[in-house]
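Below is one structure, written out as structure tokens, with a few remarks after it.
Numbers here simply count residues along the sequence, with the first being 1. Keep in mind the model is a prediction, meaning the values are calculated, not measured.
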Amino acid sequence: MKRPYFFHHTLGYKKNPFGALTQAELTAVAFLPKAIHVLLQTDFGHLQLLGGNGCGKTSTMFKIMAQFAHSGHSIAYEYIPEGTNKFETNITGLDCFFLDEAQRLSWRQRRRWLKQGSNVQYIFSSHQDLTSAFTKHALPLQSINIETFITVDYYAQWLNNRLAHFALPEVERVTIDDTAVSYLFNTFGPNIREAEYFLYDIWQNLTEPRLITAQTLQKSRH
């Protein structure tokens, strides 16, 4: 039986909190660990965000972008899709250029990018550590591995932010307890994207507000 379009409202939410999000939604629910907040208050030069698939590099970039834009900086963002090895953005006159999946740049494109690094600040995500390339061009670079921040407490904040952002006011809602948070962390570790996919399917099969526990999640995986 096909479910009503707004069936999530019966669960206490505007939509499935773990579905695909727009850039604005992802920015709204994202958060920065304290170490990144502290770094952003310094003259850090360029910044690379490292980590494996699904650990939150892009959402971290979006949150930093929002702060820079709010402060009046001229910024641009570009994502390099799989199968592509160049960037298209004209970065002349920018204060900061945010580049997602920088490891996909070809050797020639990387050189073109770095040659402009004295005139614009770079904040980028990468699966490959590009420190040596920046050192070769005498460009100051700070590196942060997002995976090092992912703990049970990180999962708890991620879940709380998602649920709070999409919650309907003053209604009974689906909630997630501490045992479920620990289960998700122990099962998926730094790959929060996989935890998100898992929770999306859990949510799609709910029919009424309830408490989600570790036992609930365990049953769904077997």
Side-chain angles (χ1 to χ4, degrees), residues 1-34 36-37 40 49 51 53-71 75 77 79 98 100 125 146-147 149-222:
M1 183 177 68
K2 186 175 180 180
R3 307 189 76 174
Y5 183 76
F6 292 110
F7 82 90
H8 292 296
H9 290 189
T10 65
L11 306 179
Y13 294 88
K14 302 170 190 175
K15 59 184 282 188
N16 187 324
F18 304 102
L21 303 187
T22 65
Q23 181 173 333
E25 289 172 334
L26 193 55
T27 301
V29 301
F31 59 94
L32 299 178
K34 183 178 179 180
I36 296 181
H37 275 295
L40 294 180
L49 303 174
N53 291 330
C55 69
K57 297 185 298 296
T58 297
S59 59
T60 299
M61 287 180 66
F62 286 165
K63 201 67 174 181
I64 297 173
M65 283 170 56
Q67 289 194 11
F68 274 50
H70 182 73
S71 298
I75 66 172
Y77 167 82
Y79 169 77
F98 292 80
D100 213 346
S125 75
I146 300 299
E147 291 187 25
F149 299 119
I150 299 179
T151 62
V152 171
D153 289 341
Y154 189 100
Y155 261 79
Q157 186 168 355
W158 168 65
L159 292 165
N160 287 338
N161 285 14
R162 284 290 181 109
L163 298 183
H165 184 75
F166 294 105
L168 293 171
E170 300 178 359
V171 296
E172 187 179 1
R173 295 188 288 269
V174 176
T175 55
I176 299 176
D177 77 358
D178 291 343
T179 68
V181 175
S182 295
Y183 177 84
L184 291 166
F185 172 71
N186 292 329
T187 303
F188 298 102
N191 196 340
I192 290 183
R193 185 184 302 151
E194 286 299 318
E196 181 182 295
Y197 293 158
F198 175 56
L199 287 171
Y200 175 84
D201 289 337
I202 295 287
W203 218 265
Q204 289 298 107
N205 290 309
L206 294 173
T207 58
E208 60 185 2
R210 59 169 298 181
L211 176 66
I212 295 177
T213 67
Q215 186 177 22
T216 308
L217 302 181
Q218 287 170 335
K219 287 180 179 179
S220 298
R221 284 176 61 83
H222 296 292

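- If you take OG1 on T22 and CZ on F62, they are separated by 9.5 Å, rounding to the nearest 0.5 Å.
- Here the closest non-hydrogen pair linking L199 and L184 is CD1-CD1, 3.9 Å.
- Rounding to the nearest 0.5 Å places CD of Q23 at 6.5 Å from OH of Y77.
- Here OG of S220 is found 10.5 Å from CD of Q215. Values are rounded to the nearest 0.5 Å.
- Checking N16, I212, I176 one by one against I202, the side-chain contact (heavy atoms from CB on, under 4.5 Å) holds for a single residue, I212.
- Remark: E25 pairs with K15 by the salt bridge (charged side-chain N to carboxylate O under 4.0 Å, His left out) rule, at least two apart or across chains.
- A 4.5 Å side-chain heavy-atom check between N53 and R193 finds at least one atom pair inside the cut-off.
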Go through Q204 and H8 one step at a time and tell me if the side-chain contact (heavy atoms from CB on, under 4.5 Å) criterion holds. CA-CA 8 Å; Q204 289 298 107; H8 292 296; 3.1 Å; yes
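- With T179 contributing its side chain and A214 its backbone, the two residues share a donor-acceptor pair below 3.5 Å.
- Rounding to the nearest 0.5 angstrom, the gap separating the CD atom in Q67 from the CD1 atom in I75 is 11.0 Å.
- Of all non-hydrogen atoms in E147 and G51, the two that sit nearest each other are OE2-C, 3.6 Å.
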side-chain contact (heavy atoms from CB on, under 4.5 Å) between M65 and T27, worked out: CA-CA 9 Å; M65 283 170 56; T27 301; over 6 Å; no
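- Here the shortest heavy-atom pairing between F198 and L217 reads CZ-O, 3.6 Å.
- When every heavy atom of G54 is checked against every heavy atom of N191, the shortest pair comes out as CA-OD1, 3.5 Å.
- R162 places no side-chain N or O within donor-acceptor distance of the main-chain N or O of V29, the cut-off being under 3.5 Å.
- For K14 against A167, the heavy-atom pair with the smallest separation is CE-O, 3.9 Å.
- The line from CG of L49 to OG1 of T58 is 9.0 Å long, rounded to the nearest 0.5 Å.
- Between T10 and T207, the shortest heavy-atom distance links the atoms OG1-O, 4.1 Å.
- Side-chain N or O atoms of D100 include none that pairs as donor or acceptor with a backbone N or O of Y79 at under 3.5 Å.
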Only distances under 3.5 Å count here; give the side-chain donor-acceptor pairs of residues 151-159 to other protein atoms, sequence neighbours excluded, each with its distance to 0.1 Å.
{"unit_1": "T151", "atom_1": "OG1", "unit_2": "D153", "atom_2": "N", "d": "3.3"}
{"unit_1": "T151", "atom_1": "OG1", "unit_2": "Y154", "atom_2": "N", "d": "3.2"}
{"unit_1": "Y155", "atom_1": "OH", "unit_2": "G189", "atom_2": "O", "d": "2.6"}

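- Classified by interplanar angle (parallel below 30°, tilted 30° to 60°, perpendicular above 60°), the ring pair F18/W203 is perpendicular.
- In this structure a side-chain-to-backbone donor-acceptor pair under 3.5 Å is missing from K57 to I146.
- In this structure, the side chain of K63 engages the main chain of A30 through a donor-acceptor pair within 3.5 Å.
- If you check the side chains of D177 and T213, you find no donor sitting under 3.5 Å from an acceptor.
- To the nearest 0.5 angstrom, I64 atom CD1 is 6.5 Å from F98 atom CZ.
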